[in-house]
Amino acid sequence: MPIVSIRMAHVDIDFEVARALCREWLAWHWKAFPEDGPREGNPMDPSVFQSVMDELPQIHARPSGGILLAEVDGLPAGCVMYHEIEPGIAEIKRLFVNESGRGHGIGRLLLERMFEAMIADGYRTVRFSSAKFLSHARRLYESAGFLDIPHPQGFPDHLHSFVYFMERPLTSEG
């Protein structure tokens with residue numbers, strides 16, 4: 001039986017593991033969805049992506065954010081990140097489980113541990129956006145209690161057909 005563990009990133013080596021998982025996600029994404037490949041203007045534009053990778057520890061700094069890492073038998077298997085978007089509301093970023101980590105319920109475990117950390121950090125609500133073609137991710141989010149919300153004001157009209165937004169309360173008081 002594999003041993004699955006999840007922990008909050010705290011030290012430089014943790015942030016390097018998170019970056020490696022993000023790069024692994026990007027490679028998987030481009031292979032699985034070549035039509036969404038690297039190009040200027042794409043959220044995964046290589047220069048923009050590298051800038052985000054450089055700033056991961058600051059973007060998701062404790063206590064208003066966090067990076068959770070999953071391992072299977074001591075090997076990196078997945079991650080999820082969050083940060084504050086407004087008082088009491090956190091945003092999920094970069095939920096990913098690599099191919100060797102799939103089939104162990106890691107996506108769900110990462111979400112559950114992240115919800116616990118968010119509540120401890122004082123958040124009442126969590127939101128995120130995702131690409132509509134990532135249907136497997138949507139099923140996970142729906143099963144975790146997320147509901148569709150409207151696109152935020154100012155979100156580009158030409159992207160409405162490609163991106164959806166969801167939200168859920170973190171406590172029964174929500």
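The structure presented is a predicted model; accordingly, all values stated were derived computationally and were not measured.
- Inter-residue side-chain proximity for Leu26 and Arg23 is flagged as unmet; no heavy-atom pair is nearer than 4.5 Å.
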Atom pairs and distances, side-chain donor-acceptor, residues 76-89, under 3.5 Å, sequence neighbours left out:
unit_1	atom_1	unit_2	atom_2	d
Tyr82	OH	Arg62	NH1	2.9
Tyr82	OH	Asp121	OD2	2.5
His83	NE2	Glu91	OE1	2.8

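- For Gln153, there are no side-chain contact (heavy atoms from CB on, under 4.5 Å) partners two or more places apart in sequence or in a different chain.
- Contact annotation: the side chain of His136 approaches that of Leu134 to within less than 4.5 Å [non-hydrogen atoms, C-beta and beyond].
- Annotation: salt bridge (charged side-chain N to carboxylate O under 4.0 Å, His left out) contacts of Asp54 (sequence neighbours excluded): none.
- Among residues two or more places apart in sequence or in another chain, the ring-ring contact (aromatic ring centres under 6.0 Å, His included) test is passed with Tyr141 by Phe128, Phe146.
- Pairs engaging residues 3-17 under the salt bridge (Lys or Arg N to Asp or Glu O under 4.0 Å) rule: Arg7-Asp14, Arg7-Glu71, Glu16-Arg19 [sequence neighbours left out].
- Between the CD1 atom in Ile67 and the CG atom in Leu69 there is a gap of 7.0 Å [rounded to 0.5 Å].
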Side-chain donor-acceptor distances from residues 160-169 under 3.5 Å, at least two apart:
unit_1	atom_1	unit_2	atom_2	d
His160	ND1	His151	ND1	3.4
His160	NE2	Phe155	O	3.4
Glu167	OE1	Arg127	NE	2.5
Glu167	OE1	Arg127	NH2	3.2
Arg168	NH1	Ala144	O	2.8

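- Of all the heavy atoms in Cys22 and Phe49, the pair that sits closest is O-CZ, 3.6 Å.
- Residues passing the side-chain hydrogen bond (donor to acceptor under 3.5 Å, both in side chains) test with His60 are Arg94, sequence neighbours excluded.
- Between Glu24 and Trp28 there is no side-chain heavy-atom pair separated by less than 4.5 Å.
- Between the OG atom in Ser135 and the CG atom in Leu140 there is a gap of 12.0 Å [rounded to 0.5 Å].
- What you find for Met8 and Ala117 is that their closest heavy atoms are CE-CB, 3.8 Å.
- Tracing side-chain contacts under 4.5 Å through hydrophobic residues (I, L, V, M, F, W, Y), one never reaches Leu75 starting from Ile6; they form parts of separate clusters.
- Listed by chain and number, the residues in a side-chain hydrogen bond (donor to acceptor under 3.5 Å, both in side chains) with Glu142 are Arg138 (sequence neighbours excluded).
- For Glu116, the salt bridge (charged side-chain N to carboxylate O under 4.0 Å, His left out) criterion is met by Arg113, not counting sequence neighbours.
- Qualifying side-chain contact (heavy atoms from CB on, under 4.5 Å) partners for Ile119, counting only residues two or more places apart in sequence or in other chains: Leu170, Thr171.
- Distance check, rounded to the nearest 0.5 Å: CD1 of Ile106 to CG of Leu95 gives 10.5 Å.
- Sorted pairs that involve residues 25-34 and meet salt bridge (Lys or Arg N to Asp or Glu O under 4.0 Å), not counting sequence neighbours, are lacking altogether.
- Applying the 4.5 Å side-chain rule to ILVMFWY residues, one finds Val11 in the same cluster as Ile13.
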message = With side chain to side chain contact (heavy atoms under 4.5 Å, CB included) as the criterion, how do Met118 and Ile92 come out once you've worked through the C-alpha distance, each side chain's angles and the decisive distance to 0.1 Å?
response = CA-CA 10 Å; Met118 288 174 167; Ile92 299 172; 4.2 Å; yes
